[in-house]
Amino acid sequence: MAKTALITGITGQDASYLAEFLLNKGYKVFGTTRRSSTVNNERIKHIEDKIEILSADLLDSSSLVAAVRESQPDEVYNLAAQSFVKTSWDQPVLTGEFTGIGVTRMLEAVRTVKPDAKFYQASSSEMFGKVVEVPQTETTRFYPRSPYGVAKVYGHYITLNYRESFNMFACSGILFNHESPRRGLEFVTRKISNAVAKISLGKQDKLELGNLDAKRDWGFAGDYVEAMWMMLQHDTPDDYVVATGETHSVQEFVELSFKTVGIEDWQKYVVSNHPKHLRPAEVDHLIGDYSKAKSVLGWEPKTSFPQLVEMMVKADVELEKSR
Ligand code: NAP
Ligand code: GDD
């Protein structure tokens, strides 16, 4: 019989790729959205008739319980969160409520209604923050550097706690940054790819950025959702780092993006260290060791850094041409 999955935050980047992936595997897919005054389904428009949308908010336990009751899922992917690190300093309490306590609300909904459902929690490399070890593994001590990172540490440990307390099949994927043409425009990669596309088409003059020296382990979201699914297919629940094992600076992303559209003198267009885009505390250097995911799950990234940059810039050039 076909399996059923419930994905929270179905309008988000990862959920759109995961929903496609699960539909291809024959799953019945339910996804939750929260109420908004404008339609917000850009990323799932192409699959909307194949999935069931339920209304639920991470602040509202009864809506989460109802979503689990209605969908009766075999697998729950808790992807909903306030996911933008910079905003977490402007809205630290709300970020704690959504990204931290929201995980407990979701776990409670599952424990109450469908305790045998397998549960995936979207943990983050932002938990490593001011890193104490290079590269970072499942055993590296957390040192979060933002209200978002702190909330994710809570979400991570409450997932582990429900696994140990209630014997739930609950896994945390410690995912390093993953991007795509569907990435939100506020994140640095998409901000760059979109601005470079516009600059190449004469629609924008300048690209204002913050810290160009920050280094991230960037992968492709389409590759990473497979790792989420693999965690829930394994015999035992556990936590896994999902990464590429390579790190690159924001500046490298900028240079390669401009190169993709044939512009070598990128400095002409870029303003760096713009105060609006600097953070009260920075995460300088992330690089993940995914050897556990490789040896236990058989997962490996498929998309290289240059392929990712090219994919994003070319998609934005096409998008901006059509506007
Ligand atoms: P995203 O594009 O920002 O999507 C987040 C989703 O959560 C959206 O559907 C959003 O709905 C929903 N949401 C926000 N607040 C909510 C609330 N109070 N109630 C219900 N839904 C709410 O994020 P993403 O990049 O796909 O990431 C997915 C998950 O992985 C997040 O938990 C993120 O923190 C985590 N993560 C991401 C990365 C990465 O590099 N992408 C790395 C590690 C971990 P709206 O569309 O209505 O805003
Ligand atoms: N957003 C943004 N905008 N970031 C900038 C800019 C800018 O103009 N200029 C420099 N940066 C730097 C940030 O200071 C940061 O060091 C780096 O670019 C990446 O920023 P983001 O793309 O906003 O991502 P993030 O690393 O803070 O967080 C993302 O990855 C986490 C996993 O490590 C998000 O997807 C989180 O949800 C995720 O958990």
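Numbering of residues begins at 1 and proceeds along the displayed sequence.
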Assess the side chains of [X] and [Y]: does a donor N or O sit below 3.5 Å from an acceptor N or O?
X	Y	value
S180	Q13	yes
Y77	E75	yes
Y148	T87	no
S63	D57	no
S36	N40	no
E48	H46	no

Problem - Derivation of the side chain to side chain donor-acceptor pair (under 3.5 Å) call for H277 and K191 - result: CA-CA 12 Å; H277 304 299; K191 181 176 172 181; 3.1 Å; yes
Handout entry: Side-chain touch V188/F253, heavy atoms, less than 4.5 angstrom
Key = no
Non-hydrogen atoms of [X] and [Y] that approach each other most closely:
X	Y	answer
T244	G219	CG2-CA, 3.7 Å
Q121	G155	CG-O, 4.0 Å
E133	T137	OE1-OG1, 4.3 Å
L212	L209	CD2-CD1, 3.7 Å
S16	I47	O-CD1, 4.1 Å
V309	S257	CG1-OG, 3.5 Å

Exercise for the section: Quick one: pull up OG1 in T99 and CD1 in I101 and give me the separation to the nearest 0.5 Å. Expected result: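 If we round to the nearest 0.5 Å, T99:OG1 and I101:CD1 are 11.0 Å apart.
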Practice task
Measure the OG-NZ distance between S146 and K86 for me, rounded to the nearest 0.5 Å.
Solution key: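 Separation between the atoms: 12.0 Å.
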Joint hydrophobic cluster, [X] plus [Y], side-chain heavy atoms closer than 4.5 Å:
X	Y	result
F21	V29	yes
I174	W229	no
L23	Y224	yes
Y240	V225	yes
L175	V131	no

Test your reading of the model: is there a side-chain donor-acceptor pair from [X] to the backbone of [Y], 3.5 Å cut-off?
X	Y	result
Q136	I287	yes
T33	S55	no
K118	L232	yes
S88	F84	no
Q82	F98	no
Q233	M230	no
E252	S249	yes
H285	V283	no
Q204	K206	yes
D217	L286	no

Handout entry: Derivation of the ring-ring contact (aromatic ring centres under 6.0 Å, His included) call for F169 and F119
Key = CA-CA 6 Å; F169 194 110; F119 184 87; over 10 Å; no
Below 30° counts as parallel, above 60° as perpendicular, anything between as tilted: where do the rings of [X] and [Y] land?
X	Y	value
F258	Y269	parallel
Y162	F166	perpendicular
Y17	F220	perpendicular

Ion pair [X]/[Y], N-O distance below 4.0 Å:
X	Y	value
K314	D316	no
E320	K203	yes
D60	R34	no
K302	E226	yes
K28	E52	yes
E282	R216	yes
D239	R163	yes
E108	R105	no

Fill in the blank from the handout: In L54, I53, L18, T32, the residue satisfying side chain to side chain contact (heavy atoms under 4.5 Å, CB included) with I10 is I53
Completion exercise
Given the options V76, N78, T159, L79, Y120 meets side chain to side chain contact (heavy atoms under 4.5 Å, CB included) only with L79
Exercise for the section: Run the numbers on T189 and E179 for side chain to side chain donor-acceptor pair (under 3.5 Å), then give the verdict. Expected result: CA-CA 7 Å; T189 54; E179 320 294 314; 2.4 Å; yes
Exercise for the section: Kindly indicate whether a cation-pi arrangement holds for R190 with F187, taking the cut-offs as under 6.0 Å to the six-membered ring centre and within 45° of the axis. Expected result: no
Handout entry: Cation-pi, W299 ring and K294 (6.0 angstrom, 45 degrees)
Key = no
Problem - Derivation and outcome, side-chain contact (heavy atoms from CB on, under 4.5 Å), residues V317 and V313 - result: CA-CA 6 Å; V317 169; V313 174; 4.3 Å; yes
Practice task
Check step by step if side chain to side chain donor-acceptor pair (under 3.5 Å) holds for T104 and Y154.
Solution key: CA-CA 9 Å; T104 310; Y154 174 88; 2.9 Å; yes
Exercise for the section: Would you mind telling me which of K25, R43, R182 makes a salt bridge (charged side-chain N to carboxylate O under 4.0 Å, His left out) with E20? Expected result: R182
